[in-house]
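Working notes, structure below.
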Amino acid sequence: MGILRLLDQLESMSRKHFIPSISRIDGAALASLAFQAPKGTILDLGAGIGYSTLWLAIGAQPHHKIIAVEYDQNLYTELEHYAEEITKATGIEIIPVKAEAIEYLKTLPEKTIALAFIDIEKHQYPQALQELLPRLAPGATLAFHNAYTPRPPQKFFQLLDQHKVTYKIIPSESGLLIAKP
Ligand SMILES: C[S@@+](CC[C@H](N)C(=O)[O-])C[C@H]1O[C@@H](n2cnc3c(N)ncnc32)[C@H](O)[C@@H]1O
């Protein structure tokens, strides 16, 4: 299946599963970040059935692999299927992982993440940031969905300042926060 058809299919299937997916503007930004990401692992934390994963794969380079993490069993079953479709359409290796994102992050080695997209429960953003920072490869970028709504706790923004992380918010409907330590 071609990329455009797969995009349409993942959008309609995500709606069917009541997943509040990212917008196409967010997706295009993620593809661009993936294209420019240094060598290393790309993470999609809170992948649903793989819509954000597809956008990351559209921009990723052959030296990247994408790990898509989802904790809901029903969604994960679909994610496994779409991971294969995304690889066929883009040539990028996709590894689906059924896990709670923070617990999964704790298992990763330091300085290996080239890009992480975070779309898990918003109250988990402060903890996700703290687990991600030591694991970032030189030149890595972080992207957090929902900088505007539903807004993450104030502690998340305080932590960004405390760790001297530079960030911008792309004014898509929900707000996409992109950050570099
Ligand atoms: C807002 S949806 C977005 C899905 C996907 N990023 C997209 O744009 O289509 C968030 C997804 O993250 C999953 N999720 C939320 N918290 C999680 C966590 N702590 N660990 C793993 N998955 C999580 C939910 O089950 C849901 O599928």
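Along the sequence shown, the residues carry numbers beginning at 1. In each ligand, atom 1 is the first atom listed, and ligand 1 is the first ligand listed.
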Query raised in the report: Quick one: ring pair (Phe, Tyr, Trp, His ring centres under 6.0 Å) pairs with a partner in residues 74-109, sequence neighbours left out?
Result: none
Query raised in the report: Got a sec, which pairs hit side chain to side chain donor-acceptor pair (under 3.5 Å) with one end in residues 45-72, sequence neighbours left out?
Result: E11-Y51, D44-S52, D44-T53, Y51-W55
Query raised in the report: Is the backbone N or O of G139 less than 3.5 Å from a side-chain atom of K180, with the two atoms forming a donor-acceptor pair by type?
Result: yes
**Report entry** Side chain Y148, main chain I169, donor-acceptor under 3.5 Å
**Finding:** no
**Report entry** Other cluster members, F18 - Ile/Leu/Val/Met/Phe/Trp/Tyr, side-chain contacts below 4.5 Å
**Finding:** none
Measure from every N or O atom of ligand 1 to the protein's N or O atoms and keep only the pairs below 3.5 Å, writing each with atom names and distance to 0.1 Å.
{"residue": "ligand 1", "atom": "6 (N)", "partner": "G46", "partner atom": "O", "Å": "2.9"}
{"residue": "ligand 1", "atom": "6 (N)", "partner": "S52", "partner atom": "OG", "Å": "2.9"}
{"residue": "ligand 1", "atom": "6 (N)", "partner": "D119", "partner atom": "OD2", "Å": "3.0"}
{"residue": "ligand 1", "atom": "8 (O)", "partner": "I22", "partner atom": "N", "Å": "3.0"}
{"residue": "ligand 1", "atom": "9 (O)", "partner": "S21", "partner atom": "OG", "Å": "2.7"}
{"residue": "ligand 1", "atom": "16 (N)", "partner": "Y71", "partner atom": "OH", "Å": "3.3"}
{"residue": "ligand 1", "atom": "16 (N)", "partner": "E121", "partner atom": "N", "Å": "3.3"}
{"residue": "ligand 1", "atom": "19 (N)", "partner": "E100", "partner atom": "OE2", "Å": "2.6"}
{"residue": "ligand 1", "atom": "19 (N)", "partner": "Q124", "partner atom": "OE1", "Å": "2.8"}
{"residue": "ligand 1", "atom": "19 (N)", "partner": "Q124", "partner atom": "NE2", "Å": "3.4"}
{"residue": "ligand 1", "atom": "20 (N)", "partner": "A101", "partner atom": "N", "Å": "2.9"}
{"residue": "ligand 1", "atom": "22 (N)", "partner": "Y71", "partner atom": "N", "Å": "3.4"}
{"residue": "ligand 1", "atom": "25 (O)", "partner": "E70", "partner atom": "OE2", "Å": "2.7"}
{"residue": "ligand 1", "atom": "27 (O)", "partner": "E70", "partner atom": "OE1", "Å": "2.7"}
{"residue": "ligand 1", "atom": "27 (O)", "partner": "E70", "partner atom": "OE2", "Å": "3.4"}

Query raised in the report: With under 30° as parallel and over 60° as perpendicular, where do the rings of F117 and H145 fit, or are they tilted in between?
Result: tilted
